[in-house]
Amino acid sequence: MSEQADIERPAAEFRAQPLLSARGITKHFGNDGGMFSKASAPIRAVEGVDLDIASGEVLGVVGESGSGKSTLGRLVLRLIEPTSGTVSFDGKDLCSLQTGEMRRFRRHMQMIFQDPFSSLNARMTIGDALVEPIALHLGLRGQAARDAAVGVLERVGLHADHMKRYPRMFSGGQRQRIAIARALASSPRFIVADEPVSALDVSVQAEVINLLQQLQKELGLTLMFISHDLSVVEVITDRVMVLYLGRVMELAPTESLYGNPAHPYTAALLQAAPGMISVKKHILKGEIPSPANPPSGCVFRTRCPFAIDACAHTVPTLRPVGPDHLKACIRDDIEL
Amino acid sequence: MPLTEQAVETAARRPVLSVQDLKTHFMTDAGIIKAVNGVSLSVGEGETLAVVGESGSGKSVTGLTVMRLLGRTTARVVGGSIEFVDRDGKAIDLLNLSDMGMEKVRGHDIAMIFQDPMSSLNPVFTIGNQIAEPIRIHQGYGKKEARGKALDLLRQVGISDPESRIDSYPHQLSGGMRQRVMIAIALACDPRLLIADEPTTALDVTIQAQIMALLKQLQAERNMAMIFVTHDLKLVDEIADRVAVMYASQVVEEGPVDQVLGHPRHPYTKALLECIPSRRDAQGERRQLHPIPGTLPNPLSPPSGCRFHPRCGFAADICIASDPELEAVTSDHVTRCLRWQEVAL
């Protein structure tokens with residue numbers, strides 16, 4: 001984990017050819033009334049999100065629990081089917097792929113989960129866990145597959161001796177390294193990391209963040225980094241999307257989002273985060289409403305200190321407020 | 001924090017709890033785990049002491065030992081003393097108190113809240129029932145009066161429309177509201193000391209900010225002493241007057257928050273601070289995180305000498321050979337480092 005000089009990316013230029021894009025992606029969970037249950041209002045987890053991630057970009061997704069950030073991560077990998085909208089990867093429409101085609105496609109897109117205790121199979125040695133995706137996706141067998149497995153293990157800072165051991169023999173930080181190695185095993189181009197450091201102690205967390213940054217640069221990975229921890233997101237991302245009740249509130253390059261938040265929700269999140277901003281102007285009142293029954297107009301208006309009557313009637317669209325900086329708020333006359 | 005000096009003075013004058021050289025050991029099949037090994041702490045009226053450390057550092061076990069909530073078959077307090085000063089100014093030796101005596105203290109004089117409010121609330125009783133219980137037991141109120149007091153407490157912890165919430169069951173509430181209910185139960189009998197063990201770790205940042213503000217406000221109103229156990233150094237800065245940093249079952253540094261976090265005198269404190277992702281510097285450059293090399297020591301066989309020496313960038317031969325004692329940096333700031341005067345942190 002040596003020097004990692006920061007590459008400033010001319011973001012707009014990068015995004016001319018996005019690696020992954022989603023248009024109007026929506027997911028409603030719920031039942032329309034089966035044999036034993038009454039129909040109920042669907043949970044509107046993600047509501048009409050547009051998204052472009054450039055090759056080599058790290059996009060952060062932040063929001064409270066229930067904001068739809070994990071659902072969005074699963075949707076862009078097509079681990080769950082969208083209710084409507086499309087996702088395309090490298091120009092190919094993922095939703096049009098048949099099951100078999102999709103399975104072959106998965107080598108390009110992988111996921112890292114929060115809890116390395118439950119995301120690794122306790123009965124599989126590390127070697128077996130790594131050889132499996134290598135055999136499946138890269139078609140390597142026997143010694144060649146094992147050599148490739150040792151290769152990825154070394155990439156994440158572990159070594160060949162660890163191949164024969166079981167997950168229980170490793171610490172939390174080492175397990176998260178193994179989970180990262182497993183995601184890297186098929187040489188993917190795109191990884192969704194869903195709260196990958198949230199379960200770790202700070203000293204271990206720093207280690208895993210540095211590792212992810214280093215791998216991202218060396219391998220040119222494209223990363224969607226989902227987290228509720230704003231300070232971690234600031235360190236690792238190029239651009240950040242702020243979600244609330246499944247809708248995008250603000251989308252901006254990391255520096256302008258943190259330095260100059262344009263949406264009241266972003267400002268409130270930054271003020272609530274410990275150690276971020278010492279002057280707490282507004283402690284956000286109340287809690288995130290039920291996604292089964294979201295407020296009309298702007299979904300954030302029920303907790304927004306700047307809400308006016310108009311906020312209840314119009315659904316705000318994402319509009320530019322600066323270079324590459326978008327917000328979904330109808331008010332321009334507020335001081336955050 | 002302008003209150004710090006005043007608070008330290010108060011602490012020196014009227015300590016509510018003082019723990020001296022506490023040793024809590026767990027007897028396991030694999031051997032003895034010295035989970036708390038010679039910990040001394042004290043907290044005064046109206047003061048907040050943060051106890052911070054990584055998992056396995058012994059911070060929670062310290063709190064549980066004070067409350068005497070550890071199972072007797074495995075956990076043994078093999079040394080030290082815990083002295084609590086009650087409302088009448090009488091000192092009580094908690095370790096030698098009878099079980100009956102301890103029951104009177106617990107929930108009445110000293111209360112505790114935990115990380116996960118779902119598993120600390122009873123799922124089959126309404127929250128009103130659970131708040132009223134300590135009031136009836138410790139203060140001898142009747143059913144009706146206790147219910148009135150419970151309503152009042154729900155209002156104080158910021159639950160809107162308490163009349164309709166009081167008959168709810170825990171599963172009908174959100175995580176933030178459950179933690180508010182836990183706080184209401186803890187404060188029901190106006191305790192002198194509140195031990196909060198990672199009370200906001202399971203909550204969203206926005207709800208965390210609400211609970212932190214609530215705890216601060218209630219503490220100020222009641223002039224209560226508080227021990228705030230956390231792994232998050234950023235929260236320490238927001239809530240505490242003094243902080244004790246724990247590593248491998250010992251306090252390695254203790255003092256006023258601005259001194260310990262601003263000018264740490266122990267290499268571990270310094271290393272922990274460097275692990276925290278922080279705002280970019282003035283030039284907008286991202287700061288590199290510096291993880292602590294190595295891993296936490298095995299609790300069954302901690303390293304010789306200074307527990308931190310295998311991971312410390314400043315370790316010398318002396319650190320392997322001799323056990324460091326807590327040394328005074330200033331009158332109220334101590335560090336457990338043999339080389340604190342030589343090394344430039």
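No hydrogens, no waters, no symmetry mates; every other heavy atom, side chains included, goes into these values. In what follows, chains carry the letters A, B, and so on, assigned in the order in which the sequence lines appear, proteins first and then strands, with residues in each chain numbered from 1.
Interface remark: of the candidates B/Met212, B/His290, B/Met177, B/Gln210, B/Gln210 forms the most heavy-atom pairs closer than 4.5 Å to chain A.
The distance from atom OG of A/Ser203 to atom CG of B/Leu296, rounded to the nearest 0.5 Å, is 6.0 Å. Atom CD of A/Glu207 sits about 11.5 Å away from atom CG of B/Leu289, to the nearest 0.5 Å. Rounding to the nearest 0.5 angstrom, the gap separating the SG atom in B/Cys275 from the CG atom in A/Asp201 is 9.5 Å. For the atom pair OG (A/Ser231) and NZ (B/Lys234), the distance works out to 3.0 Å, reported to the nearest 0.5 Å. The CG atom of B/Asp204 sits 7.5 Å away from the NE2 atom of A/His228 when rounded to the nearest 0.5 Å.
For the pair B/Val205 and A/Pro274, the tightest heavy-atom approach, listed with the atom from each and the gap, is CG1-CD, 4.4 Å.
Interface remark: A/Gln205 contributes side-chain atoms only to the contact with chain B (heavy atom separation under 4.5 Å). Only the side chain of B/Gln208 comes within less than 4.5 Å of a heavy atom of chain A; its backbone N, CA, C and O stay farther away.
Residues B/Thr206 and A/Arg303 meet the side-chain proximity criterion, which asks for heavy atoms closer than 4.5 Å.
The residue from A/Val208, A/Val202, A/Val204, A/Asn210 that alone fulfils the side chain to side chain contact (heavy atoms under 4.5 Å, CB included) condition with B/Pro291 is A/Asn210.
Under a cut-off of 6.0 angstrom, the local environment of CZ in B/Arg178 is crowded, with over 12 non-hydrogen atoms contributed by other residues, nucleotides or ligands.
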